[in-house]
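Both backbone and side-chain heavy atoms feed into the values below; hydrogens, waters and symmetry mates do not. This is a predicted model, so every value here is computed, not measured.
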Amino acid sequence: MQIAVDLVSWLFLSMGMFLGLTGAYGILKFPDFYTRVHAASISDTLCTACFVIGLALQSGFNLVTAKLFMILILLWLTGPAASHALVRAANTAGLKPVTEKKD
Amino acid sequence: MFATAAAALLVIMCLALVRAFRGPKIYDRILAVNMFGTKTVLLIAVYGFMTGRPEFLDLGIFYALINFVGVIAALKFIERLDEYDEQEER
Amino acid sequence: MMSSQLPALQVVLPLLGAPFCFLLWRYPRWSWALATLLSWSAFGVAIMLLIQVQNAGTIEYAFGGWQAPWGIEYVVDQLNVLVLLIVSGIAAVVFPYSWTSVQREIDPEQQSLFFTSMLLCLAGLLGITIAGDAFNLFVLLEISSLSTYTMISMGRDRRALTASFQYLIMGTIGATFIIIGVGILYMLTGTLNMQDLATRIPDLGTSRASQVAFGFLITGIGLKLAMFPLHLWLPNAYAYAPSAASAFIAATATKVAVYVMVRYVFSIFGVGFSFETMHIQWLFVPVSVFAILFTSIVALFQRDIKRMLAYSSVAQIGYMLLGIGLVNVTGLSAALLHLFNHALMKGALFLAMGAVCYRIGNTFIDSMHGLGKQMPWTMAAFVVGGLSIVGVPLTTGFVSKWVLIQGAIENGWWPVVAVILVASLIAMLYIWRVVEAAYMKPRPEGAESITEAPASLLIPLWLLAAANIYFGANAQFSMELAQSAAKTLFNSAVVGF
Amino acid sequence: MDSIFTDILAGALGRYNYWVVIVLMMAGFYVVIASTNLVKKIVGLNIFQTSVFIMYISIGKISGGTAPIVWANAELYSNPLPHVLILTAIVVGVATTALGLSLIMRIKHAYGSVEEDEILALSQAEDEDE
Amino acid sequence: MLLCEQQTPRGLNQLPRKKTEMELAVNITLLLMLCATVFAVVKLQSLFAIVMLFGIYSLLSAMIFVALDAVDVAFTEAAVGAGISTVLMLATLVTTGRWKKKPERSGLLPLFVVTITGAALVWGTLDMPEYGNPANPAHHHVADRYIAESPTEIGIPNMVTSVLASYRGFDTLGEVIVVFTALVGVLSLLQVRRPRTFARKQDNRPDTHRRRPYPVLQVVALIMMPFIIVFALYVQFHGDFGPGGGFQAGVIFAVAFILYTLTYGLDDSLALTPLPALKILAAGGVIIYGGTGVVSMLLGGNFLDYNVLAANPVSGQHIGIIVIELGVGITVASVLITVFYAFVTRAERNRAGEKQVDLPNKAD
């Protein structure tokens with residue numbers, strides 16, 4: 001039983017790691033601001049969820065898990081709001097997305 | 001297991017840092033700071049588990065809060081700053 | 001019950017009076033009255049402490065009831081009672097003076113903020129004087145510095161803002177150097193209490209880290225007391241601050257920093273470490289000799305009298321460092337004596353300039369023509385202060401210069417004696433410049449006639465001028481206090497207190 | 001073999017923390033001295049102070065110790081004293097920053113610029129024509 | 001003595017020595033990232049980027065404090081560095097402009113001074129005791145009494161709070177006075193404007209579309225406000241058991257109102273927390289702290305001696321610590337809110353300094 005829980009939590013953690021790394025790679029490599037926001041916000045929400053679930057499995061049912069899920073709810077509330085505000089500010093400031101493909 | 005998670009988070013933070021240094025526009029830097037903040041929250045959680053003492057998670061809650069308010073403050077003040085720059089150019 | 005709580009009362013009274021003073025922001029006169037009352041009570045407590053120290057020796061007061069190295073303690077001995085007296089004495093004189101002089105320089109809704117920051121500065125300085133814990137000294141140093149930046153920035157002239165900002169940057173760098181020094185000392189000895197440090201530093205021997213800590217502490221405190229190469233913030237800060245503030249800071253802030261230097265060099269690091277291993281006297285003596293000559297000459301060419309007095313302050317601090325650098329009992333007692341006397345001299349001179357500024361609005365030499373007849377009392381007090389700076393017999397300046405010269409002769413350093421005399425001559429020149437402008441030159445026709453400054457400015461001014469003469473004539477009170485403090489500092493090889 | 005490696009690692013790295021902190025201190029100090037822009041001076045001041053705080057905390061760290069909060073199976077606690085000193089020093093740092101920044105805003109409205117050399121030129125001009 | 005009853009989670013069975021190696025690795029990488037950030041700050045010209053990187057710098061140093069087992073300090077550093085200082089610097093940049101016009105002063109003299117001080121420090125480290133070894137003198141003369149006796153003498157698990165509030169209580173009083181002095185300084189320089197009760201019609205200047213409020217942020221802020229304030233109270237009273245205390249709670253409380261001001265505009269927040277109330281609270285907090293000291297003096301102990309506050313000394317310590325933490329929290333919260341209002345008032349004026357007609361951020 002213990003190994004199963006460890007395995008599942010390790011699975012979640014590695015998924016979280018994968019999402020985070022791809023998000024970070026995306027933030028570096030994408031051509032312009034709007035695509036980067038796309039990459040960063042994915043890694044923000046889903047990667048956090050995977051990490052929190054992975055850690056929660058490790059710590060069983062106690063105050064620590066409650067705090068972990070509080071963090072998750074907070075990040076899920078503030079992350080997208082911040083990205084929305086960011087994109088809207090950039091848009092009103094007149095930042096145009098890169099449309100034609102630079103060869 | 002936690003060590004690899006911590007290492008991965010550190011790598012992500014380094015990549016976000018590179019974007020913060022290079023970011024041509026202000027908005028890229030704010031995006032990098034936002035991502036950096038959320039990853040720090042996760043690093044605290046993982047570090048707590050790594051050292052076997054995970055009850056310092058209210059630090060994580062606080063970092064998420066500070067990160068959000070920092071991003072909102074930056075956006076609000078840029079908005080006013082662009083307006084003044086335009087006034088100055090006019 | 002009261003007498004055992006005196007050291008705490010000394011600092012807690014002004015410290016907790018400040019929020020009440022701040023709460024009276026709609027009635028500036030009441031906040032001024034509260035501030036003056038608290039400064040007088042601090043002076044009273046200082047006198048009571050003097051009596052206690054004279055018959056009971058060193059007093060120790062443990063905060064929170066925790067004994068010395070664990071909790072924070074206050075230590076009152078002969079050295080800091082002298083500084084306590086002069087700081088609270090100057091405050092007891094400048095606070096009543098400040099009401100009328102502030103009416104013309106600060107607008108009403110900010111006046112209670114000015115009195116609050118003056119009270120906080122007084123509390124910080126008193127706290128530094130009797131602090132027995134190195135880190136607590138840093139915290140109180142920050143309180144007094146922050147309130148000083150606030151007071152300076154309230155000056156009318158827009159250059160007060162840049163002066164305050166420059167002082168903030170250099171003051172914070174100085175404070176950070178002090179905190180690095182204290183951190184290294186803590187790393188090596190494991191304690192923050194000054195007496196504890198004094199016992200544990202000698203067995204470190206000449207480890208490189210303790211030498212680096214000594215270097216950082218001396219640089220940090222040097223920045224705070226405007227030692228010659230680090231004095232750039234002082235002229236602007238004193239020239240553009242409101243007159244009441246510049247009088248208070250000029251007479252007390254740098255003196256307390258000199259006290260902290262004496263405490264670190266003699267009590268904590270000990271005479272052996274500071275003078276034999278680190279040879280700090282070969283930094284103090286040349287720097288102070290250069291400071292005395294160079295800044296006195298620069299003071300000759302200043303058009304703004306307050307700036308001239310600020311440069312002469314840097315020169316006088318040079319005298320104090322010279323006294324420390326002589327490494328003998330007479331030299332150190334000359335430095336402590338000069339610390340006491342210089343506060344009286346500079347206080348009187350800056351109060352006189354405040355009265356002039358109250359009437360004319362600025363303190364430029366060419367706008368002071370013919371003031372001797374129209375403001376006789378103010379200019380007479382200025383002359384008394386000026387004579388004291390020059391060091392004419394029967395004034396306090398003469399007493400401390402005389403003891404300093406004795407110390408220099410004891411070491412056989414004749415060129416140093418020559419420098420002191422030449423500097424007194426230059427001081428004579430820049431005082432004469434003002435006297436000549438005030439008395440010899442006629443009042444320009446166009447200028448309207450100036451009436452004498454109001455009594456509320458003149459009484460504190462003449463109180464300090466009279467003190468200058470009194471302590472000049474029979475100086476045995478301050479002399480014997482300084483001498484006994486110097487003796488305890490010197491012959492206590494290990495335990496400094 | 002593995003334990004020797006960590007001892008060498010810890011020994012050689014015994015001073016790693018201090019050297020990095022010294023590099024940070026000097027970078028902050030350089031920014032304070034070299035920058036002509038007043039806002040960058042304040043940022044430099046903050047960096048200089050924060051690196052001093054990291055030095056204090058790395059003095060208090062005991063390798064293998066946990067945070068100084070009573071815990072059932074803690075065998076060694078790190079030293080709580082530097083933490084207390086730094087809590088006070090951080091507050092002092094933020095007070096100085098708030099004061100410095102409000103001074104900068106007033107200087108901007110008084111002189112119209114925050115570059116040190118422009119302000120110097122303006123105030124010297126004011127000295128002459130007085 | 002209430003001990004929080006977390007048992008260590010299952011599955012954590014590393015050897016202690018292996019743990020120190022990982023801690024060292026995390027510590028080293030964080031310090032390297034810190035150096036990279038600082039060199040970027042030295043190089044960059046755009047002030048906005050510098051302030052953003054300063055935010056990252058504070059967050060990173062807070063993370064290092066977590067790695068160095070200084071949990072309270074990490075809390076405060078993040079609150080102050082990434083939170084308050086960054087927001088105040090951003091507000092300053094609004095008036096002073098975004099670009100650094102001139103390049104650095106010639107680097108020779110500053111570089112020379114810096115290398116001299118740096119060399120002196122490195123030369124000093126050669127004799128310094130090794131980092132992290134338990135036999136260092138720093139841990140033995142005074143500190144081991146705090147670790148050994150503070151749980152019994154003062155009876156609270158968080159030793160940092162017990163040393164902060166009781167053993168070195170006067171330092172913390174000095175800290176509260178420093179915050180109060182900062183308030184006096186900022187109020188003497190920048191005035192907080194009166195709240196405008198207005199029925200303002202939509203101003204039709206061309207760029208007003210930019211200033212329309214962000215409805216999404218306003219909703220999120222409204223949802224979060226109660227929880228942030230409850231979290232602030234939790235941190236205030238949890239200070240004895242875990243990381244937290246008066247100062248951190250005050251900052252969180254201030255962050256709640258800063259968020260409200262950012263999303264709803266200064267007039268709504270001034271209506272919510274009027275300036276006279278903030279001033280009275282700021283002075284009140286200091287008086288509470290000093291008052292406890294004076295009460296313990298009247299009861300016969302020395303200044304700030306909590307043993308005399310109650311019959312049995314340990315509960316006296318508890319009462320004393322809770323009351324002074326409350327004083328610290330009130331002062332810090334009201335000072336930081338007032339300072340932020342003063343900065344926003346000044347930021348609303350445009351570069352030339354005249355009062356700018358400001359639009360409400362309310363969804364009108």
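- Taking the six-membered ring for Trp, C:Trp70 and E:Tyr167 have ring centres at least 6.0 Å apart.
- With a 4.5 Å cut-off on non-hydrogen atoms, C:Ala62 touches chain E through its backbone and its side chain both.
- Separation of atoms CD1 (C:Ile72) and OG1 (E:Thr172) is listed at 7.5 Å; rounding is to 0.5 Å.
- Of the possible polar contacts, none joining the C:Trp25 side chain to the E:Pro276 backbone as a donor-acceptor pair under 3.5 Å is found.
- Between chain E and the residues C:Gly64, C:Gly65, C:Ser210, the most heavy-atom pairs under 4.5 angstrom are made by C:Gly64.
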key: side chain to side chain contact (heavy atoms under 4.5 Å, CB included) evaluation trace for E:Leu173 with C:Leu15   = CA-CA 10 Å; E:Leu173 177 62; C:Leu15 208 64; 4.1 Å; yes
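- The CG atom of E:Asn302 sits 11.0 Å away from atom CD of C:Glu73, with the distance rounded to the nearest 0.5 Å.
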key: Derivation and outcome, side chain to side chain contact (heavy atoms under 4.5 Å, CB included), residues E:Leu183 and C:Phe22   = CA-CA 10 Å; E:Leu183 174 73; C:Phe22 175 79; 3.8 Å; yes
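- Judged by distance alone, with hydrogens and angles left aside, the side-chain atoms of C:Tyr61 form a donor-acceptor pair with the main-chain N or O of E:Phe303 at under 3.5 Å.
- Of the atoms belonging to C:Leu146, heavy atoms from both backbone and side chain fall under 4.5 Å from chain E.
- Both the backbone and the side chain of E:Thr181 come within contact range of chain C, each with at least one heavy atom under 4.5 Å from a heavy atom of that chain.
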inquiry  = Run the side chain to side chain contact (heavy atoms under 4.5 Å, CB included) test on E:Val142 and C:Asn193 for me, step by step, so that the C-alpha distance in whole Å, both residues' side-chain angles and the decisive distance to 0.1 Å come before the verdict.
reply    = CA-CA 10 Å; E:Val142 168; C:Asn193 187 304; over 6 Å; no
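- Proximity to chain C (any heavy atom under 4.5 Å) is restricted, for E:Phe180, to the side chain, taken from C-beta onward.
- Interface remark: of the candidates E:Thr117, E:Asn307, E:Leu121, E:Thr125, E:Leu121 forms the most heavy-atom pairs closer than 4.5 Å to chain C.
- Only the side chain of C:Leu161 comes within contact range of chain E, judged by heavy atoms closer than 4.5 Å.
- Heavy atoms closer than 4.5 Å to chain E are found in the side chain of C:Leu16, but not in its backbone.
- With a threshold of 4.5 angstrom between heavy atoms, E:Tyr289 does not approach chain C through any atom at all.
- Contact annotation for E:Gln317: only side-chain heavy atoms (C-beta onward) come within less than 4.5 Å of a heavy atom of chain C.
- Using a 4.5 Å cut-off between heavy atoms, C:Asp133 touches chain E through its side chain atoms alone.
- Among C:Gly71, C:Ala209, C:Pro19, the residue with the largest count of heavy-atom pairs under 4.5 Å with chain E is C:Pro19.
- The closest side-chain heavy-atom distance from C:Ile184 to E:Met128 is below 4.5 Å.
- Looking at C:Leu120, the atoms closer than 4.5 Å to chain E (heavy atoms on both sides) all sit in the side chain, from C-beta outward.
- Heavy-atom pairs under 4.5 Å with chain E peak, among C:Arg200, C:Met151, C:Met154, at C:Arg200.
- Contacts between E:Asp171 and chain C at a heavy-atom distance below 4.5 Å involve backbone atoms as well as side-chain atoms.
- Using a 4.5 Å cut-off between heavy atoms, C:Thr191 touches chain E through backbone and side chain atoms alike.
- The residue among C:Tyr149, C:Phe216, C:Phe114, C:Phe138 with the most heavy atom pairs within less than 4.5 Å of chain E is C:Phe216.
- Among E:Asn136, E:Val184, E:Leu126, E:Val163, the residue with the largest count of heavy-atom pairs under 4.5 Å with chain C is E:Val184.
- Heavy atoms closer than 4.5 Å to chain C are found in the backbone of E:Glu175, but not in its side chain.
- Of the two parts of C:Gln211, only the side chain, counted from C-beta on, holds a non-hydrogen atom closer than 4.5 Å to a non-hydrogen atom of chain E.
- Neither the backbone nor the side chain of E:Val308 comes within contact range of chain C; no heavy atom of the residue lies under 4.5 Å from a heavy atom of that chain.
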